[in-house]
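Before any comments, here is the structure.
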Amino acid sequence: MLHYYSMKYYIEKLISSNDINSKVNYLGKRITQDYYNISKKFILIGLLRGSFIFVSDLCRVINIPHEVDFMTVSSYGSNMFSSRDVKIIKDLDGNIYDKDVLIIEDIIDSGYTISKVYEMLLLRKPNSLSICTLLDKPSCREVNIFIKYIGFTISNEFVIGYGIDYNQNYRHLSYIGKVVVN
Ligand code: IMP
Ligand code: MG
């Protein structure tokens, strides 16, 4: 299905909004079970902007008390390739000391972004620190990281929608599409 296109590329649907909803429900249940008996404060940390829709859907299917905070780190900018330099552009509003922390990412590609964020947050001494990503591109991995929760594993394609952008556009799509270059 071609919804958006230009002379240079078009968007092809990869994951439907129904499939995303089922997966988010599934992840919410697993997270609820895994963190059910914790004695510390539980907090979700969304990496902006790509994870904003995922976090808002996921937090509503996690049925235990938790906080939500966001952080912005430098991203791809307008190109399709990963930049190696990860800087904090907007830090968390609150602290994570002694809390059980789950980082929520939209997509993990080379792994540089998430591993850098992981290292930075670990220095703040949370009680635990884990990673949840909606999409994983393991074939692109250059840094070894353990991801506790993965929504969908995809091949090496540039994807958009459900919060994820190409050149700041397409975040509003309710499905995940891939950018196909003409
Ligand atoms: P990494 O550092 O290479 O793992 O890149 C991760 C970040 O790059 C993600 O948080 C996304 O914001 C962005 N990114 C990676 N792959 C894609 C893609 O296919 N579409 C849009 N953004 C992407
Ligand atoms: Mg991101």
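Start at 1 and go down the list; that is how both ligands and their atoms are numbered.
- When the heavy atoms of E105, R49, R141, K178 are ranked by distance to atom 10 (O) of ligand 1, first place goes to E105.
- Considering backbone and side-chain atoms together, G111 places an N or O closer than 3.5 Å to an N or O of ligand 1.
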Note to self: Does D91 form a salt bridge (charged side-chain N to carboxylate O under 4.0 Å, His left out) with R124? I'd like the steps, not just the answer.
What the structure shows: CA-CA 12 Å; D91 206 342; R124 302 179 191 187; 3.0 Å; yes
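- For atom 16 (N) of ligand 1, the nearest non-hydrogen atom from the set V73, V117, D109, D136 comes from D109.
- Using a 4.0 Å heavy-atom cutoff, E142 is absent from the residues neighbouring ligand 1.
- Selection from V143, D165, I107 by nearest heavy atom to atom 6 (C) of ligand 1 gives I107.
- Contacts between K137 and ligand 1, counted as non-hydrogen atom pairs separated by less than 4.0 Å, involve the side chain only.
- Not one N or O on the side chain of T133 forms a donor-acceptor pair closer than 3.5 Å with the backbone of D136.
- Summarising the local packing, CG of N144 is surrounded by 12 or fewer heavy atoms from other residues, nucleotides or ligands at distances under 6.0 Å.
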Notebook entry, point to check: Can K40 and D100 be said to form a salt bridge (charged side-chain N to carboxylate O under 4.0 Å, His left out), step by step?
Noted result: CA-CA 6 Å; K40 308 285 185 175; D100 287 309; over 6 Å; no
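- Of all atoms in ligand 1, listed by their number and element, those nearer than 4.0 Å to a heavy atom of S110 are 1 (P), 2 (O), 3 (O), 4 (O).
- Residue D106 touches ligand 1 through its side chain alone, judged by heavy-atom distances below 4.0 Å.
- Close approach of ligand 1 to Y112 (heavy-atom distance below 4.0 Å) involves ligand atoms 2 (O), 4 (O).
- Under 4.0 Å from ligand 1, the heavy atoms of I164 that appear belong solely to its side chain.
- Here the closest heavy-atom approach between residue Y35 and residue K148 is recorded as OH-NZ, 3.7 Å.
- Taking the six-membered ring for Trp and thresholds of 30 and 60 degrees, Y9 and Y170 have ring planes more than 60 degrees apart, a perpendicular arrangement.
- Of the N or O atoms in V159, one or more lie within a sub-3.5 Å distance of an N or O in ligand 1.
- In summary, the side chains of Y36 and N63 do not present any donor paired with an acceptor at a separation below 3.5 Å, with no hydrogens or angles considered.
- Ligand-side atoms of ligand 1 in range of E157: 19 (O), range being under 4.0 angstrom from any heavy atom.
- Salt bridge present: K99 and E67 bring a charged side-chain N and a carboxylate O closer than 4.0 Å.
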